[in-house]
Protein chains: 2
Amino acid sequence: MTLKKTDRRITRTRRMIIEAFTLLMEEKGFEAITVSDLTEKADINRGTFYQHYKDKYDLLEQSEKEIFEGLNKIVVTFWHHANYDVEKVMKVDDLLPLSIQLFEFIGENYQFMRVLLGPKGSPSFQNKLKHVIIDTLLHRFSPFLKEDHVMVPPDYLLAYISSAHLGLIQHWLESGMDRSPEEVARILSQTAIFGPVKVSGIQI
Amino acid sequence: MTLKKTDRRITRTRRMIIEAFTLLMEEKGFEAITVSDLTEKADINRGTFYQHYKDKYDLLEQSEKEIFEGLNKIVVTFWHHANYDVEKVMKVDDLLPLSIQLFEFIGENYQFMRVLLGPKGSPSFQNKLKHVIIDTLLHRFSPFLKEDHVMVPPDYLLAYISSAHLGLIQHWLESGMDRSPEEVARILSQTAIFGPVKVSGIQI
DNA sequence: TACTTATTGTTGAATAGTGAACAAAAGCTA
DNA sequence: TAGCTTTTGTTCACTATTCAACAATAAGTA
């Protein structure tokens, strides 16, 4: 079954809507935005917007979904390639390439993520992203935890790590991505080494 | 007779073509560009290009024409508003607003004009622009020349002034518009005051 | 509270752009 | 020079977007 190619007009129209959405969120905040605002800023017909999205809430939902799906796809693809087995001992540096890819993806969606995570963005986005980090990423490492080595309750550990990740991502975005994805991935890796990793018992 | 509104898709498609055209001229120079290059870079269908332009030469021609028409429109509108009469004595500062508008227009078309006037642009564009400056702008001042005060042949004067204008425009574009349209308009005005204006006999 | 303005959601006919295909021409390479 | 590859210019049926209009709803104001 061959994958049907999307008409480039659809892709283009959606990109224009997202760009307008991002600018308007920064300008006036999600709640104050109207569909008319969006279509004016995107320079498209109002009817066209309704062809793509039900309303502005649907737009937010689908936009966030795309971000989460993008992140998830990266992790799934990485895992598939890495072909990890519980028998193998995992080293922290094994995850550096994954980290870099994730930060590159975030960088590609910089404006949108920065706005969403900012003061005028979606209040629930932070929470959703945190859960994505937990479900998509951190739960994959559960099998690698040496249960008799775990010094703290796992749920607290996950809450700690995911919030730390989120905080670091937010700082990177707020400072205009002043470091490369590689650099920030290393910062994350090295910060984790002398923190959560040790308490988890994963070999360094 | 009401002015028919252009479909925004037409405007958008043409803008995308021009943007692609500008990038490719910088990248490989006009001669090396193919229509296929243009439509790939613009992300439009090849057939669509042919709906708008005959070939790449037609694209160049129409693009330049738009620039010249834009400049001309500014001058014509200014003249209309200024409502100058030969009886009135013209002062140099009277033209500052016109200068500013012209530089603003150039600024709005910065990328395209910079590339056209650059080493990989259209070799004839400089010459055409010079003639536009003469025909559109400088010839309007002929009636204000005090013939018995003119110290040099008028055709030499026009050649001097138009080249000076062009040189100043090019420098501004090449230096990435490091000064505002207002500033560069003043530079032009003040440079002219102690040069061509004096020899023309226009009151300072 | 009543009135005005702005926005919404939808509709239909028209228009612009799309993808794929084709023959011919141009450009490139051995 | 012959053969291959790329580009051109065009066509057609289909799709996405457009514009304008409309009634209903929501928001704003006096």
Proximity to the side chain of A:Y50 - top-ranked nucleotide from D:dC19, D:dT8, C:dT8
C:dT8
Does a nitrogen or oxygen in the side chain of A:T13 sit under 4.0 Å from OP1 or OP2 of D:dA16?
no
Is NZ or CZ of A:K128 both nearer than 6.0 Å to the six-membered ring centre of A:F68 and within 45° of the ring axis?
no
In whole Å, what is the span from the CZ atom of B:R15 to the P atom of C:dG17?
12 Å
Distance, rounded to the nearest Å, where A:I33 contributes CD1 and D:dA27 contributes C1':
17 Å
Which comes earlier along DNA chain C counting from the 5' end, the contact point of A:D55 or that of B:I44, where each point is its nearest nucleotide?
A:D55
How about A:E19: does its CD atom have over 12 heavy atoms from other parts shown lying under 6.0 Å from it?
yes
Do B:R46 and B:F49 meet the cation-pi criteria used here (NZ or CZ under 6.0 Å from the six-membered ring centre, within 45° of the axis)?
no
Positive for side-chain hydrogen bond (donor to acceptor under 3.5 Å, both in side chains) with B:R9, one of B:T13, B:T6, B:D7
B:D7
Categorize A:R46 for me: base, sugar-phosphate, or nothing, with a 4.0 angstrom heavy-atom threshold over every strand shown.
base
Round to a whole Å and report the spacing from OH of A:Y53 to C1' of C:dG9.
18 Å
Rounding to an integer number of Å, can you tell me how far B:H52 NE2 sits from C:dT15 C1'?
11 Å
Between C:dT18, D:dA20, C:dT8, which nucleotide has the shortest distance from any of its atoms to the side chain of A:N45?
D:dA20
With a 4.0 Å cut-off on heavy atoms, is A:R12 in touch with a base, just the backbone sugar-phosphate, or nothing at all?
sugar-phosphate
Are B:F125 and B:F112 close enough that their ring centres sit under 6.0 Å apart?
no
In whole Å, I'd like the distance from the NZ atom of A:K54 to the P atom of C:dT7.
20 Å
I'd like to know if B:R9 reaches the base of D:dT17 with its side chain such that a donor and an acceptor end up less than 3.5 angstrom apart.
yes
A:D43 CG to D:dT18 P: how many Å, rounded?
8 Å
Rounded to whole Å, CZ of B:F49 lies from P of C:dG19 at a distance of 17 Å
Taking only N and O in the side chain of B:S36, is any of them less than 4.0 Å away from OP1 or OP2 of D:dT6?
no
Of A:D7 and A:T34, the one whose closest nucleotide on DNA chain C sits nearer the 5' end is A:T34
Comparing B:E40 with B:G47, nearest DNA chain D nucleotide closer to 5' gives the residue B:E40
A:K56 NZ - D:dA26 C1' separation (whole Å):
12 Å
